[in-house]
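Data first, discussion second: the structure below is written as structure tokens.
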Amino acid sequence: MSACTPTRHDDPHRKEHSHEPHSPPSPRPRGPRLTGADVSASIAVFLIALPLSLGIALATGAPLQAGLVAAAVGGVVVGRLGGAPLQVSGPAAGLTVVTAELIQRYGWRTTCAITVLAGLAQLGLGLLRVARTALAVSPAIVHGMLAGIGVTIAVAQLHIVLGGTPHSSVLLNLRDLPAQLARVQTAALSVSALTLCLLLAWPRLPGRAGRLLRVVPAPLVAVTGATTSAALLGFGLPKVDLPSWSSHALAGLPEGPALGLIAAVLTITLVCSVQSLLGAVAVDKMVAARPALSGRVRRADLDRELLGQGAANVVSGTLGGLPIAGVAVRSTANVNAGAVSRNSTMLHGVLVVIAALLMVPILERIPLASLAALVMAVGIQMVSLHHIRTVTRHREVLVYAVTTVGVVFLGVLEGVALGIGMAVAVALHRLTRTRITHHETEGVHHVHVRGQLTFLAVPRLSRTLHLVPQGAHAVVELDGSFMDHAAYESLQDWQNTQTAHGGTVELVGRRTGVRIGEPTGPAGLHPDGGTTAPDSSGCRCHPWTPWRNHQCAIPESGGPAQRNNAETTTTRTSEDAEHTEPSDLTAKLDALGAPGALGTPGATVEAPAPPSSPRAPDATTPTANQLARGISAFQRNTAPLVRSELARLAREGQQPSQLFLTCADSRLVTSMITSSGPGDLFVVRNVGNLVPPPGEESGDDSVAAAIEYAVDVLRVRSITVCGHSGCGAMQALLTADQDTAQTPLRRWLRYGGPSVARMADGSRPAARLAGRAAADTVEQLCLTNVIQQLEHLRAHDSVSRALRAGELELHGMYFHVGEAQAYLLSEVHEGEVFDHVGVADLTV
């Protein structure tokens with residue numbers, strides 16, 4: 001459950017504040033001030049950006065000043081104009097291969113012109129507001145592209161690490177690698193090895209001293225240590241060469257074939273845009289995970305971010321800088337360093353400018369082998385094992401592999417095109433792959449259809465269905481979510497033919513977990529010739545109706561009422577089958593269930609026989625049938641899907657991240673409204689979602705025990721108190737009579753008394769719901785009760801200790817049952833406002 005909430009809707013009843021006719025206008029709100037957190041974060045990012053910018057420029061073959069120009073422009077221009085306040089932009093490793101190829105083919109000045117044109121293209125895309133479209137690219141393609149670029153970078157920089165010179169092609173670099181290993185330069189290899197050792201070991205320094213030392217970025221330590229060692233040992237290695245800025249090459253007119261230049265512009269635009277937009281989304285997730293930042297930093301405006309990136313590329317290309325994109329390493333450092341505004345990004349760009357003008361003698365002491373080792377490490381990290389595991393879990397490893405290989409051996413644009421083609425092919429394969437099996441068990445023919453039923457599967461479906469002898473009993477299980485018109489017609493024609501010859505057809509939908517139609521013979525007769533006996537298992541529920549109490553009118557046995565209910569149910573089902581246009585699997589299954597089932601003239605709905613004793617319900621009662629059907633549906637459909645995950649949880653034990661304390665109301669389905677699954681939530685439910693304060697005499701220890709266990713043993717990171725509309729406990733509190741006998745329920749509800757007193761206290765602000773006042777007194781008490789129970793929660797020792805240590809966060813939540821809308825308490829101390837949680841927020 002995300003802790004981010006969107007901007008609150010304006011209250012239509014709020015009064016506008018205006019100044020008097022002759023008074024000066026109200027001052028305009030100032031932008032965010034430069035805070036100490038922004039200053040420290042900018043220094044941390046600057047120390048990382050400086051060596052990386054030089055290293056990336058070295059890897060591309062561009063003038064080394066070009067990396068500093070891009071870093072400065074990315075910090076100042078994107079920091080000021082971009083839509084992701086905490087994302088840091090600059091020369092990115094993901095652009096290294098593309099830029100190096102362009103420099104080799106067209107030269108540096110034309111590459112700068114291509115960067116300017118790509119920036120103009122990004123500006124056009126930003127004005128068209130199509131930034132969200134870039135997120136439609138499969139993550140497997142993006143990760144494969146970055147992995148391919150990382151492999152290319154690592155192989156090329158390996159030659160510099162060994163003391164040689166890389167080629168422009170991966171194949172040539174791999175071919176010459178054995179010869180390069182035979183003539184290794186010991187000095188270059190030693191400096192590179194020291195750089196890599198410091199880079200890997202510095203973040204892992206143990207103890208308190210290690211925590212203090214890790215404040216200094218590892219890339220800076222690695223390059224500084226290698227430079228110092230090379231100087232002390234007197235190694236004569238090639239070093240950074242920064243010519244005078246007066247001779248720095250700027251952009252020139254593009255020269256070359258028009259088609260090649262257009263392809264180059266499209267490639268730079270694609271890679272810069274996708275990497276920057278995906279980086280902005282990732283930064284939003286990091287900010288949401290930091291409670292101290294989530295309320296102060298706005299979510300990324302992707303269209304504005306694309307405009308900012310375009311403007312930066314125009315400026316960078318004009319000034320002779322590398323192409324610019326959002327950089328994950330620097331953005332992560334910026335967020336982790338505690339930046340709270342775009343000022344940190346801009347200040348880091350200013351520091352790069354100062355360094356480029358005043359620190360040239362220091363920068364020129366850095367060995368190129370050290371920068372090459374630094375960039376090679378970045379390239380290796382771009383081949384992420386986490387990404388490989390993710391795409392494997394989602395069965396997209398083929399898309400990832402094809403994209404990676406294509407980028408390595410053909411180029412970025414060609415590799416991405418191959419990845420898109422493979423992704424489309426995989427999607428079509430999944431859509432058209434349908435397994436249809438047939439087997440006979442004890443005289444019953446079972447036909448199992450796994451996958452989507454389209455016109456491509458109709459021939460196989462027809463062949464398999466005709467293996468069922470006419471007049472036999474058949475069970476057809478549809479294990480999928482889509483059926484097109486051709487498959488629907490084929491299945492319906494076969495079903496009509498089968499029932500016309502005296503056979504029975506039972507359609508089973510995997511998603512419903514219940515039988516779609518009863519196995520009946522012609523004219524509503526059983527195969528044995530008897531009249532169809534009423535059976536409640538004929539309930540034809542949609543996939544979402546099991547938690548709607550099966551509102552398909554299972555009638556009670558006996559009497560005219562039973563017959564009236566049966567007739568009503570049958571008529572309604574028949575009308576649904578005739579008037580519903582089959583557009584998805586559920587609708588088509590309803591229609592297919594009509595012939596020879598509930599909709600057939602003469603067919604009736606069976607009700608169970610009454611139990612022999614009202615005190616001893618058995619499996620024939622409606623309640624027992626409903627329970628047994630639900631368990632059966634779980635064992636048949638859901639258990640195979642979750643068995644491996646539950647087995648893992650059984651081995652590893654539960655590790656929930658949240659304690660969710662809510663009401664016992666049957667309408668609150670916690671897993672549904674929080675999109676959670678097994679192992680995610682530690683749930684405590686009671687009447688009124690109450691938290692008894694600690695230290696109460698004759699208090700209830702069950703809730704306190706659950707809180708202590710969740711915080712101290714399970715180490716949950718958040719606790720949510722969730723109230724809801726129409727709470728019966730709150731209604732009982734408002735109508736409580738002091739003279740009423742103290743039943744267990746009344747004694748329990750005394751813990752809600754402070755909520756009633758809080759609501760009656762006129763000195764406190766009334767809790768509001770998304771900019772409006774509560775609809776009635778009951779809703780006001782429901783909202784106030786959430787706030788009061790959070791106060792009770794803070795009084796528990798385990799909670800207060802975790803809050804002081806910064807290891808826990810508390811959330812208030814309100815769920816409006818009638819609107820199916822969740823609200824989060826966003827301003828506990830400033831107006832106590834519950835804000836909407838919209839669709840966009842739930843996807844973060």
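Everything numeric here is computed off the predicted structure, so don't read it as measured data. The analysis underlying the following values was restricted to heavy atoms, covering all of them including side chains, and did not include hydrogens, waters or symmetry mates.
For A280 against L302, the heavy-atom pair with the smallest separation is CB-CD2, 3.9 Å. Smallest separation of non-hydrogen atoms from L668 and R685: O-NH2, 2.8 Å. Shortest non-hydrogen contact noted between R750 and P754 is O-CD, 3.8 Å. Nearest heavy atom pair, residue A154 against residue I380, reads CB-CG1, 4.0 Å. Contact between A218 and W202 at its shortest, heavy atoms only, is CA-CD1, 3.9 Å. What you find for A147 and T404 is that their closest heavy atoms are CB-OG1, 3.9 Å.
No donor-acceptor pair closer than 3.5 Å links the side chain of H796 to the backbone N or O of V799. Proximity of a side-chain donor or acceptor of T441 to a complementary backbone N or O of V444 within less than 3.5 Å is not detected. A donor-acceptor distance shorter than 3.5 angstrom exists from the side chain of N686 to the backbone of N689, with no hydrogens or angles considered. Between the side chain of S718 and the main chain of L810, no donor-acceptor pair closer than 3.5 Å is present. Checked by atom type and distance alone, the side chain of N334 pairs as donor or acceptor with a backbone atom of L86 at under 3.5 Å. A donor-acceptor pair under 3.5 Å links the side-chain atoms of T434 to the main chain of Q452, judged by distance alone. Here the side chain of T720 pairs no donor or acceptor atom with the backbone of F660 at under 3.5 angstrom. Checking side-chain atoms of R204 against main-chain N and O of L200 turns up a donor-acceptor pair under 3.5 Å.
With rounding to the nearest 0.5 angstrom, the CG atom of D479 is 7.0 Å from the CZ atom of R450. Separation of atoms CD1 (I141) and CE (M422) is listed at 10.5 Å; rounding is to 0.5 Å. In this structure, CG on L146 lies 8.5 Å from CG on L278, to the nearest 0.5 angstrom. Once rounded to the nearest 0.5 Å, the distance linking CD of E708 with OG of S798 reads 6.0 Å. One finds the CG atom of L790 at 9.5 Å from the CD1 atom of I719 (value rounded to the nearest 0.5 Å). Atom CD of residue E477 and atom CD of residue E506 lie 10.0 Å apart, to the nearest 0.5 angstrom.
A salt bridge links D712 with R801: at least one charged nitrogen is closer than 4.0 Å to a carboxylate oxygen.
Counting heavy atoms from C-beta outward, L646 and L649 have side chains that approach closer than 4.5 Å. Considering only heavy atoms from C-beta on, C727 stays 4.5 Å or farther from D665 through its side chain. Annotation: side chain of H816 is in contact with side chain of E779 (closest heavy-atom distance under 4.5 Å). The closest side-chain heavy-atom distance from T674 to L681 is below 4.5 Å. Looking at P656 and D680, their side chains never come closer than 4.5 Å, going by heavy atoms from C-beta outward. Between I707 and V691 the shortest side-chain heavy-atom distance falls below 4.5 Å. Looking at heavy atoms from C-beta onward, S657 lies out of side-chain contact with F682 at the 4.5 angstrom threshold. Under the 4.5 Å side-chain criterion, counting only non-hydrogen atoms from C-beta, Q655 is not in contact with L714.
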Subject >> Chi angles and distances behind the side-chain contact (heavy atoms from CB on, under 4.5 Å) call for V447, V475 >> reply: CA-CA 6 Å; V447 177; V475 176; over 6 Å; no

Subject >> Stepwise side-chain contact (heavy atoms from CB on, under 4.5 Å) test for R389 and T392 >> reply: CA-CA 5 Å; R389 285 193 293 266; T392 302; 5.6 Å; no

**OP:** Take F815 and S725 through the side-chain contact (heavy atoms from CB on, under 4.5 Å) test and state the conclusion after the steps.
**Re:** CA-CA 6 Å; F815 186 74; S725 61; over 6 Å; no

**OP:** Give the C-alpha distance, both sets of side-chain angles, the deciding distance and a yes or no for side-chain contact (heavy atoms from CB on, under 4.5 Å) between F834 and L824.
**Re:** CA-CA 5 Å; F834 289 80; L824 284 178; over 6 Å; no

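Under the side-chain hydrogen bond (donor to acceptor under 3.5 Å, both in side chains) criterion, Y400 pairs with no residue at all, not counting sequence neighbours. Residues satisfying the side chain to side chain contact (heavy atoms under 4.5 Å, CB included) criterion with A705, sequence neighbours excluded, are absent altogether. Partners of N785 by side-chain hydrogen bond (donor to acceptor under 3.5 Å, both in side chains), not counting sequence neighbours, listed by chain and number: S755, Q789.
Ring pair H439/H446 is parallel by interplanar angle, where below 30° counts as parallel and above 60° as perpendicular.
For R794 and H792, the side-chain atoms include no donor-acceptor pair closer than 3.5 Å.
Other residues, nucleotides and ligands contribute at most 12 non-hydrogen atoms within 6.0 Å of the CZ atom of R435.
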